[in-house]
Amino acid sequence: MNTPHEDPRPSAPAQESWNPQRPGPMPFHRYRPFQERVRVPAEDRRWPSARIERAPLWVPVDLRDGNQALAEPMDTPRKRRFFDLLTGMGFKEIEVGYPSASRTDFDFVRHLVTEGAVPGDVTPVVFTPARPELIDTTFDAIEGMERAVVHLYIATSPVWREVVLGRDREEVRRTVREAATRMARRADRLRGRVRFQFSPETFNLTEPDFVLELCDELTALWEASPDRPVTHNLPATVEIATPNVYADQIEYVHRHLARRDSVVLSVHPHNDRGTGVACAELAVLAGAQRVEGCLFGNGERTGNVDLVTLALNLFAQGVDPRVDLSDIDAVRETVEHCNRLPVHPRHPYAGELVHTAFSGTHQDAIDKGFAAHAKRAAELGVPEREAPWAVPYLPVDPADLGRSYEAVIRVNSQSGKGGMAYLLRTGHGVDLPARMRPDFSRVVQRATDDSGREATARELYALFEAAYLVPGREGAVRLVSWSASRDASGAHRFVCALEREGRRTGHEGTGNGPLAAFADALAGAGITVEVRNFAEHAAGPGADAEAVAYAECRVDGVTAWGAGRDTSVPAASVHAVLSAVNRAAARWTARTREATEA
């Protein structure tokens with residue numbers, strides 16, 4: 001026994017000099033590492049060099065395992081809606097219930113039979129413990145089905161045998177054999193085609209030789225063959241180790257099972273350590289052919305493995321996932337309705353914010369990536385939706401999942417000029433010159449800092465309009481009327497009426513272009529203007545698109561940007577210069593006021 005002064009915790013390895021972390025207060029000594037709980041054979045590993053080149057058979061267990069994890073289990077209408085979603089997505093083997101567990105589950109399985117709801121190429125799976133009366137109830141539920149898989153399970157690890165079942169290995173083996181024999185007899189009476197599945201629950205904590213003993217005996221008893229294989233499903237019922245350990249366990253069974261060509265090797269990872277997806281992927285590398293899980297990872301405790309993430313991980317590697325996730329939001333909305341659980345905004349691929357960038361550096365990279373993608377598509381002579389995808393921060397094209405690009409970039413106080421420019425361009429046809437973007441970024445950041453929230457694309461355009469377009473129409477200097485012409489020598493002439501401080505005056509100027517002539521006319525009004533940068537473009541496709549113009553001007557010693565938008569290019573250009581004039585005047589007035597107050 002420890003004395004009050006003894007520390008029962010093992011001594012920690014020596015700490016590196018650069019690491020300031022020190023021993024914490026949590027009682028880690030109470031827990032044993034996996035190697036003290038189960039032997040994991042690891043001989044000549046082959047899975048580390050394997051590649052996933054095709055999708056495994058996906059088996060959603062939302063209607064059974066996922067349903068058991070809900071505070072409010074699904075009723076028949078919600079289950080049917082979920083089932084129809086799964087068949088519509090292309091799943092071909094679906095665990096539909098635990099008929100002996102509740103009347104609701106039994107009735108739903110009967111509903112599928114009596115309503116003819118199971119498509120001809122879909123195989124339902126039903127779940128049963130190794131108890132004779134519950135096996136009978138399960139077979140009663142599938143009476144009349146064209147095909148089915150009956151899934152037998154029993155816990156097999158030492159701690160479950162000792163604490164839960166109160167049986168030794170031989171007693172568990174006998175229980176499994178008797179249950180499997182009963183299943184075979186019941187299946188012979190059914191008109192439909194029944195296959196069998198076995199799960200040694202808590203496989204990852206079970207002695208490997210005992211797993212092989214149970215599985216091989218059932219393969220023989222059920223007379224499995226390549227055209228009527230048995231499924232052996234190896235669950236990580238509670239995660240106990242890093243994913244490579246699970247891969248070692250799966251590879252060992254894969255390489256030592258008897259009659260391997262008559263076995264479908266399946267896995268059922270949970271997510272207690274947060275590595276369910278990694279466990280499933282490594283298990284497939286190690287020889288698994290079938291993966292059970294739930295859409296978005298619902299399940300007891302921290303959940304089952306997420307089939308959506310697994311499928312789209314393959315998709316992002318150029319492998320056909322063999323299920324349809326092209327409308328990810330519709331899938332998510334149905335699952336949220338049926339489970340009455342929200343999908344987290346940061347959930348991989350499906351979350352509301354997973355394709356969204358707020359950071360300025362991320363937005364700039366995405367903006368440049370979209371531009372490069374469009375250029376690449378044009379060079380290849382294919383639509384952008386068909387061009388190879390390579391855009392920074394976006395592992396897949398959101399459009400391939402049914403998402404619009406509107407949500408890719410969202411602006412708040414952390415955002416940069418690239419993201420704001422992207423939203424203005426894609427949402428409103430305003431393609432800010434690169435030199436102008438920092439100026440507009442300051443406008444936006446003042447607004448978002450003041451509000452403390454993000455700015456929508458519509459709000460960004462409203463800020464752009466107020467900051468740049470309005471001063472060209474309603475500033476201190478107003479253009480009441482104007483005309484521009486060109487004489488025979490090529491010189492441009494600009495005639496205008498200006499209004500300032502309630503006084504209207506007429507002015508005329510000449511130059512080598514319309515804007516130079518306008519600047520000359522402004523000089524006659526006492527306003528010295530130098531147009532330093534100018535750009536214009538159409539705000540959209542087609543001949544009817546408006547023109548947007550941008551001008552950076554030096555006005556009486558103050559530099560400012562202006563913008564104009566009009567149905568005519570000359571009008572947009574003139575208003576851009578006048579906007580810069582008025583913005584510079586406002587800036588000069590503000591500086592003068594600050595100096596006076598100081």
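Treat the numbers as computed from the prediction; the structure is a model and nothing was measured.
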Quick one: are [X] and [Y] in side-chain contact, heavy atoms under 4.5 Å?
| X | Y | result |
| --- | --- | --- |
| Asn339 | Phe82 | yes |
| Arg260 | Leu265 | yes |
| Val253 | Leu234 | yes |
| Leu310 | Leu307 | yes |
| Pro60 | Glu95 | no |
| Glu201 | Ile154 | no |
| Arg332 | His347 | no |
| Val61 | His268 | yes |

Does this structure show an ion pair linking [X] with [Y], if we count only N-O contacts that are shorter than 4.0 Å?
| X | Y | value |
| --- | --- | --- |
| Arg45 | Glu251 | no |
| Asp188 | Arg186 | no |
| Arg131 | Glu178 | no |
| Glu207 | Arg39 | no |
| Glu213 | Arg173 | yes |
| Asp105 | Arg64 | no |
| Arg54 | Asp320 | no |
| Glu43 | Arg255 | no |
| Asp136 | Arg185 | no |

Please state whether the rings of His362 and Tyr393 are parallel, tilted or perpendicular, taking 30° and 60° as the class boundaries.
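Parallel: the ring planes of His362 and Tyr393 meet at under 30°.
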Straight-line distance of [X] [atom1] to [Y] [atom2], nearest 0.5 Å:
| X | Y | atom1 | atom2 | answer |
| --- | --- | --- | --- | --- |
| Leu282 | Gln249 | CG | CD | 12.0 Å |
| Asn298 | Asp65 | CG | CG | 8.5 Å |
| His355 | Leu394 | NE2 | CG | 7.0 Å |
| Ile52 | Leu314 | CD1 | CG | 5.5 Å |
| Tyr98 | Leu134 | OH | CG | 6.5 Å |
| Ile240 | Asp272 | CD1 | CG | 10.5 Å |

Run Val391 and Asp397 through side-chain contact (heavy atoms from CB on, under 4.5 Å) and show every step you take.
CA-CA 8 Å; Val391 173; Asp397 185 347; over 6 Å; no
For a side-chain contact (heavy atoms from CB on, under 4.5 Å) check, start with the C-alpha distance between Val354 and Arg403, then their side-chain angles and the critical distance, and finish with the verdict.
CA-CA 11 Å; Val354 295; Arg403 290 274 178 87; 4.2 Å; yes
Ignoring hydrogens and angles, state whether a donor on the side chain of [X] or [Y] is under 3.5 Å from an acceptor on the partner side chain.
| X | Y | result |
| --- | --- | --- |
| Thr137 | Ser100 | no |
| His151 | Ser199 | yes |
| His337 | Arg78 | no |
| Ser266 | Gln197 | no |
| Thr206 | Ser157 | no |
| Arg161 | Thr156 | no |
| Asn313 | Glu281 | yes |
| His254 | His256 | no |

Take atom CD of Gln317 as the centre, draw a 6.0 Å sphere, and report whether it contains more than 12 heavy atoms from other residues, nucleotides or ligands.
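For Gln317, atom CD is not crowded (no more than 12 foreign heavy atoms under 6.0 Å).
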Does CZ in Arg30 sit with more than 12 non-hydrogen atoms of other residues, nucleotides or ligands closer than 6.0 Å?
no
Please answer whether the main-chain N or O of [Y] pairs with a side-chain N or O of [X] as donor and acceptor at a distance below 3.5 Å.
| X | Y | result |
| --- | --- | --- |
| Arg346 | Leu353 | yes |
| Lys79 | Leu63 | yes |
| Thr87 | Asp84 | yes |

Write out all pairs satisfying salt bridge (charged side-chain N to carboxylate O under 4.0 Å, His left out) with one or both partners inside residues 378-392, taking only residues at least two apart or from two chains.
Arg385-Asp400
Could you check Thr231, Val150, Val125, Val230 and say which one makes a side-chain contact (heavy atoms from CB on, under 4.5 Å) with Arg195?
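In the set Thr231, Val150, Val125, Val230, the residue that makes a side-chain contact (heavy atoms from CB on, under 4.5 Å) with Arg195 is Thr231.
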Sub-6.0 Å ring centroid separation between Phe127 and Tyr153
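So the answer is yes for these two rings.
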Centroid separation Trp222 to Phe196 less than 6.0 Å
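Aromatic pair counts; centres sit under 6.0 Å.
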Check the pair Val305 / His270 against side-chain contact (heavy atoms from CB on, under 4.5 Å), numbers first and verdict last.
CA-CA 6 Å; Val305 70; His270 278 252; over 6 Å; no
Test side chain to side chain donor-acceptor pair (under 3.5 Å) applied to Trp47 and Asn244, step by step
CA-CA 9 Å; Trp47 62 262; Asn244 60 295; over 6 Å; no
Test side-chain contact (heavy atoms from CB on, under 4.5 Å) applied to Leu325 and Leu312, step by step:
CA-CA 8 Å; Leu325 289 160; Leu312 290 177; 3.7 Å; yes
